[in-house]
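Notes follow once the structure below has been shown.
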Amino acid sequence: MTKRGQIAIMDLFLAVAIFTIIIVIVGIVWNTQTKRFEGSIAQNNMQIKAFQATDLLVKNAGVKTEWEENLTVLEILGLSTNDRTISEAKVSNFTSLNYDLVRQLLNIQDYEFYFRLLDDEGVLIMSSGKTPIATTVSIAVRRFVHYKNNPAILELTLWV
Amino acid sequence: MKAVKAQASIEILFGIGMIGLIFIALIFAYFDRKSALDNLDIDLKLMDTCFSISNAINSAFINGEQTNITIGSNFDITINGPYKTVLVVEGDEIVNCNILVYNNTINLAGANYFTLSKGTIKVLKSGDFVVLQNI
């Protein structure tokens, strides 16, 4: 009888051990998935901010409209003369603006940015900002625009 | 026989106690996770509203004078121009998202720090400004 009791308790320990292992595995998977989900939310937020910033750049002339002639009146950035037609003077002045001022004006202080204007074959026309480091999380938004009467691509990369 | 029966009972009691402890631990874990999931659910809804408002402001600014956007919100919304954010609050949960045209987003009184009640919100462009109001 004593032996039978011992076997029963051994069975119980075994069952509890297996159950505990399963619970621990479920907990680890749960935490991993939660972190992945939160990472995905953060990445989506980054993408929305990048899209909003590029929208502002390619569809609006800025405030004041002629800011490229006098940078002290610049309140809101914008690079276009018409919808998705990029002004040569504005983009040239934009790339020479202070890096932190651009981040402040585009309200992307939480991120680093890298701006590129490419022709339709992908050849770099001009760029500004900091090149993303290979190990970072980055989001690049590309918008098709007109530059000097030719199709071009405006690309904004946000990275952390 | 009596001694053996008593031993078996202790083992059963020990087993039941252990299962009970595990059960209590699981109950705690369940409520902890449920609370975290509920908060996440509210956060996602708040974030959705936040981005709707921030996108509407951006679109109104970009698309010009003819823009007239109407948005429904289930939460109170605060536009904080000086901090360049839209704040959406529900109980203890607060979500904020960026606005690009922070100095130029105002209410009818011209303030760039204001709160809109839940309900329908109208977003329109007026000059260099984006005006938000409850309707």
| task | Side chain from CB out, backbone as N, CA, C, O: work out which of these in A:Leu56 comes under 4.5 Å of a heavy atom of chain B, or both, or neither. | result | both

| message | I need the A:Gln52 CD to B:Asn58 CG distance, nearest 0.5 Å. | response | 5.0 Å

| request: Look at the side-chain heavy atoms of Ile, Leu, Val, Met, Phe, Trp and Tyr, link any pair under 4.5 Å apart, and say whether B:Val88 and B:Ile42 land in one connected group. | output: yes

| task | Please indicate whether A:Tyr99 has more than 12 foreign heavy atoms, meaning atoms of other residues, nucleotides or ligands, lying under 6.0 Å from its OH. | result | yes

| message | So for A:Asn45, is it side chain, backbone, both, or neither that comes closer than 4.5 Å to the heavy atoms of chain B? | response | both

| field | Which atoms of A:Asn44 approach chain B - backbone, side chain, both or neither, heavy atom under 4.5 Å | value | neither

| Between CG of A:Leu57 and CG of B:Leu100, what distance do you get to the nearest 0.5 Å? | 9.0 Å

| task | Determine the option with the most heavy-atom pairs under 4.5 angstrom with chain A, choosing from B:Asp128, B:Leu44, B:Asn55, B:Ile19. | result | B:Asn55

| note | Cut-off 4.5 Å, heavy atoms of chain A, and the answer for B:Ser54 is both

| said: Could you see if B:Ile57 belongs to whatever hydrophobic cluster contains B:Phe129? Use Ile, Leu, Val, Met, Phe, Trp, Tyr and a side-chain cutoff under 4.5 Å. | reply: no

| task | Enter the distance from A:Ile48:CD1 to B:Cys97:SG here, rounded to the nearest 0.5 Å. | result | 8.5 Å

| field | chain B contact via A:Lys59 - which portion, at a heavy-atom distance below 4.5 Å | value | both

| Between A:Ile41 and chain B, which part of the residue has a heavy atom less than 4.5 Å away: side chain, backbone, both or neither? | side chain

| request: With rounding to the nearest 0.5 Å, note down the distance linking CZ in A:Phe13 to CZ in B:Phe14. | output: 4.0 Å

| field | Common cluster, B:Ile71/B:Leu132, ILVMFWY with side-chain heavy-atom separation under 4.5 Å | value | yes

| task | Name the region of A:Phe37, side chain, backbone, both or neither, that has any atom closer than 4.5 Å to a heavy atom of chain B. | result | side chain

| task | Measure the CE-OG1 distance between B:Met18 and A:Thr20 for me, rounded to the nearest 0.5 Å. | result | 8.5 Å

| field | Portion of A:Gln104 that has a non-hydrogen atom of chain B nearer than 4.5 angstrom | value | both

| field | Rounded distance (nearest 0.5 Å) linking atom CG of B:Leu26 with atom CD1 of A:Ile23 | value | 4.5 Å

| said: Is B:Ile22 close to chain A through its backbone or its side chain, or both, or neither, when contacts mean heavy atoms under 4.5 Å? | reply: side chain

| request: Determine whether A:Val102 and A:Val141 fall in the same hydrophobic cluster, where Ile, Leu, Val, Met, Phe, Trp and Tyr are linked whenever their side-chain heavy atoms lie under 4.5 Å apart. | output: yes

| Are A:Val63 and B:Phe61 close enough that some pair of their side-chain heavy atoms sits under 4.5 Å apart? | yes

| chain A contact via B:Asn104 - which portion, at a heavy-atom distance below 4.5 Å | side chain

| In the single-linkage hydrophobic clustering (I, L, V, M, F, W, Y; side-chain heavy atoms under 4.5 Å), do B:Ile69 and B:Leu108 co-cluster? | no

| query | Who among A:Asn60, A:Thr65, A:Ile108 has the most heavy-atom pairs with chain B under 4.5 Å? | reply | A:Asn60

| request: For B:Asp92, look at atom CG and say whether over 12 heavy atoms of other residues, nucleotides or ligands are found less than 6.0 Å away. | output: no

| task | Tell me, for B:Asn98 versus chain A, whether the close heavy atoms (under 4.5 Å) come from the side chain, the backbone, both or neither. | result | both

